[in-house]
Amino acid sequence: MHETEIMIKDVPQDDRPRERLMFCGASHLSNRELLAILLGSGTKNESVISLSNRVLLHFDGLTLLNEATLEELTTIKGIGKAKGVIILAALELGRRLNQYKPNERYCIRSPEDGADYVMEEMRQLKQEHFVALFLNTKNQVIHQQTIFIGSLNASIVHPREVFREAVRRSAASIICAHNHPSGVRLHGA
């Protein structure tokens with residue numbers, strides 16, 4: 001332990017992450033404090049705040065932590081399988097909440113609405129996916145289907161695959177979308 005290392009028990013109760021969350025709300029906490037709450041405790045020689053800070057530094061913040069594996073997490077001193085599993089479960093719960101669509105049918109009024117509907121789900125994909133949204137006469141999504149999964153930078157789709165499902169669903173209109181996992185967007189022909 002560093003001589004300047006402050007253990008959580010030495011922090012005034014009102015300044016501890018759990019208590020701050022209860023009194024101020026989760027939105028007022030830093031990423032480090034939220035992660036500290038998930039971890040629950042530090043190690044014999046390191047506070048939970050310091051440990052959570054090291055985890056975030058290791059993954060360059062939330063960006064790479066979002067894609068962490070249990071193996072990567074457990075290479076960090078102080079993160080065992082139990083704490084690693086808690087972090088992975090929290091990340092997955094966050095993804096699911098982000099993708100949650102209420103039972104009420106989503107209405108698409110613009111191209112942006114269509115993009116918003118599929119964006120969260122498709123942004124994490126490592127291969128190119130061609131997805132079709134099938135809409136009723138009120139422009140509400142009645143079905144979403146991945147028509148084809150391609151490679152890193154290509155997907156080949158035959159129109160009959162799209163229209164077959166549209167006829168089956170009695171869709172009034174169709175929106176087709178695909179992602180660019182390579183990050184390269186081709187324009188033109």
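In this text the structure is predicted, and so the values were computed from the model without any measurement.
The two atoms that bring F134 and A166 nearest to each other are CE2-N, 3.5 Å, heavy atoms only. What you find for G78 and T43 is that their closest heavy atoms are CA-CG2, 3.7 Å. Contact record, G84 with I79: N-CG2, 3.8 Å, taken as the closest heavy-atom pair. I49 and P17 get closest at one heavy-atom pair: CD1-CG, 3.5 Å. Nearest heavy atoms, I142 versus A171: CD1-CA, 4.2 Å. Across every non-hydrogen atom of I149 and Q127, the tightest pair is CG2-OE1, 3.8 Å.
Hydrophobic clustering (ILVMFWY, side-chain heavy atoms < 4.5 Å, transitive): L38 and L88 are in one cluster. Under the 4.5 Å side-chain heavy-atom criterion for grouping Ile, Leu, Val, Met, Phe, Trp and Tyr, L64 is connected to I87 within one hydrophobic cluster. Neither L65 nor L29 shares a network with the other; the hydrophobic side chains, linked directly or stepwise wherever heavy atoms of I, L, V, M, F, W or Y lie under 4.5 Å apart, form separate groups for each. The hydrophobic cluster containing L39 also contains F59, counting ILVMFWY residues as joined when their side-chain heavy atoms lie under 4.5 angstrom apart, directly or transitively. Cluster annotation: L73 and L62 are assigned to the same hydrophobic cluster (Ile/Leu/Val/Met/Phe/Trp/Tyr, side-chain heavy-atom contacts under 4.5 Å, transitive).
At distances below 3.5 Å, not a single donor-acceptor pair connects side-chain atoms of R32 with backbone N or O atoms of L56. Put simply, the side chain of K81 never gets that close to the backbone of L70: no donor and acceptor are under 3.5 Å apart. Within the 3.5 Å criterion, the main-chain N or O of H129 finds a donor-acceptor partner in the side chain of N179.
In this structure, the side chains of C107 and D113 stay at 4.5 Å or more apart for every pair of heavy atoms. Contact of the L35 side chain with the L51 side chain is not registered, since no non-hydrogen atoms from C-beta on lie closer than 4.5 Å. A heavy-atom distance below 4.5 Å is not found between the side chains of Y117 and V131. For the pair F148/E161, no side-chain contact is recorded, criterion being any heavy-atom separation below 4.5 Å from C-beta on. Put simply, the side chain of R95 reaches to within 4.5 Å of the side chain of N66, judged on heavy atoms. Counting heavy atoms from C-beta outward, L135 and I174 have side chains that stay 4.5 Å or more apart. Looking only at side-chain heavy atoms (C-beta outward), E67 and K126 come within less than 4.5 Å of each other. Side chains of I37 and R18 form a contact here, defined as non-hydrogen atoms less than 4.5 Å apart.
Summarising the geometry, atom CE belonging to M122 is positioned 8.0 Å from atom CD belonging to E128; distances are rounded to the nearest 0.5 Å.
Under the 4.0 Å criterion applied to side-chain N and carboxylate O atoms, R54 and E46 are assigned as salt-bridge partners.
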What do the steps show when you test L133 against Q144 for side chain to side chain contact (heavy atoms under 4.5 Å, CB included), and what is the final call?
CA-CA 5 Å; L133 299 178; Q144 174 182 337; 3.6 Å; yes
Worked verdict on E33 versus S52 for side chain to side chain contact (heavy atoms under 4.5 Å, CB included)
CA-CA 8 Å; E33 291 170 309; S52 65; over 6 Å; no
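Applying the 6.0 Å contact sphere to CZ of R168 captures no more than 12 heavy atoms from other residues, nucleotides or ligands.
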